[in-house]
Amino acid sequence: MTTVTIAEDRLELLFGTQDENLKRIESAFGVSVTARGGQIRVEGDEGPSALAGYLVEQLSHLLESGYPLQPMDVETSIRVLQEEPATSLVEFFLGDGVLETVRRLVRPRSLSQQIYLQAMSDFDLVISIGPAGTGKTYLAVAMAAAALKERLVRRIILARPAVEAGERLGFLPGDLVEKVNPYLRPLYDALYDILGFDKVGRLMERGTIEVAPIAFMRGRTLNDSFIILDEAQNTTSEQMKMFLTRIGFNSKAVINGDITQIDLPTGRTSGLIEAKGVLKSVKGIKFIQFTEKDVVRHRLVQKIVRAYDQFDRQKAASEAVQGKRDE
């Protein structure tokens with residue numbers, strides 16, 4: 001059993017509506033949580049009860065600092081402490097400088113997301129690789145918006161390969177812009193969600209925000225910019241090299257991709273996979289690796305990603321066995 005003492009005026013905020021926060025904690029750690037006055041008792045096995053008690057204590061410190069605790073923050077706290085039990089939730093949720101600004105727009109939902117945000121603050125080039133739903137694009141757009149708000153950059157440039165299986169756009173109706181817009185829609189969605197439709201429209205009219213296929217980057221030097229390359233696994237080697245050499249003075253670049261979802265034609269090398277090997281020893285570049293544990297969409301998404309990973313491993317093992325038999 002673990003006992004934690006907190007101020008009684010914070011109990012209601014800590015417990016949540018109809019004790020929903022306590023129920024989350026009990027379910028996650030397999031413990032029983034009860035309260036009498038400012039005394040909170042956590043009963044269960046020694047390890048889980050101690051960790052749940054530490055969580056309650058950390059959440060109390062957050063409330064004391066004036067942090068507006070939400071039910072989703074409790075879920076995030078549980079995920080973070082299960083991954084790294086010694087984490088300070090106060091440091092995790094509260095930041096300074098550009099990180100403080102970005103936290104007004106979004107909140108990290110895993111330890112890897114927190115590390116990712118910090119990397120984008122500290123490094124001029126960040127390359128993140130991982131499955132869908134880990135927040136790679138969304139957090140990068142939020143960091144770009146925060147950098148613009150803090151006047152660290154003068155514009156945001158979002159790029160993405162306009163491809164599914166090579167750059168075959170001819171079958172789509174309309175001019176070139178109309179042809180590539182469907183491929184860029186996820187970037188627009190993130191912008192609208194974070195900054196609002198009207199503000200994004202005004203910034204795009206002024207050229208402060210630019211969304212374009214990667215082919216439009218050729219021949220340019222991008223100074224004073226926050227540049228994001230999304231779906232980078234579908235760039236060719238030539239496109240990736242071209243993009244990397246566009247980065248100008250006082251600019252930051254973030255490259256995101258999922259190397260399990262490459263849509264390039266057979267025989268074409270993914271620029272992201274090649275860059276991972278070529279740049280691994282270059283100082284000043286930070287690589288972030290997300291896994292299915294970092295998926296923060298609907299709970300089913302994490303399970304789906306895990307199921308497909310297991311299926312792919314089993315398929316590869318089966319094909320290897322079949323290959324030996326054929327020999």
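Along the sequence shown, residues carry numbers from 1.
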Under 3.5 Å, side chain of [X] to main-chain N/O of [Y], donor-acceptor pair present?
| X | Y | result |
| --- | --- | --- |
| Gln39 | Arg36 | no |
| Lys136 | Ile255 | no |
| Thr5 | Gly38 | no |
| Ser318 | Gln314 | no |
| Ser225 | Ile227 | no |
| Gln114 | Pro108 | no |
| Ser77 | Asp73 | yes |
| Asp224 | Arg154 | no |
| Thr245 | Lys241 | yes |
| Glu43 | Ser49 | no |

Just wondering, are more than 12 heavy atoms of other shown residues or ligands nearer than 6.0 Å to [atom1] in [X]?
| X | atom1 | value |
| --- | --- | --- |
| Arg10 | CZ | yes |
| Asp9 | CG | yes |
| Tyr192 | OH | yes |

Nearest-0.5 Å distance, [atom1] of residue [X] to [atom2] of residue [Y]:
| X | Y | atom1 | atom2 | answer |
| --- | --- | --- | --- | --- |
| Tyr188 | Leu158 | OH | CG | 9.0 Å |
| Arg246 | Asn223 | CZ | CG | 11.5 Å |
| Leu94 | His61 | CG | NE2 | 12.5 Å |

Going hydrophobic residue to hydrophobic residue with side-chain gaps under 4.5 angstrom, can you get from [X] over to [Y]?
| X | Y | answer |
| --- | --- | --- |
| Met72 | Ile78 | no |
| Val282 | Ile273 | yes |
| Ile247 | Phe249 | no |

Minimum heavy-atom distance between Asp294 and Ser110, given as atom pair plus value: OD1-OG, 3.6 Å
Salt bridge (charged side-chain N to carboxylate O under 4.0 Å, His left out) between Arg24 and Glu20, intermediate numbers included: CA-CA 6 Å; Arg24 283 189 176 92; Glu20 60 179 335; 3.6 Å; yes
Geometric class of the Tyr116/Phe290 ring pair [parallel <30°, tilted 30-60°, perpendicular >60°]: perpendicular
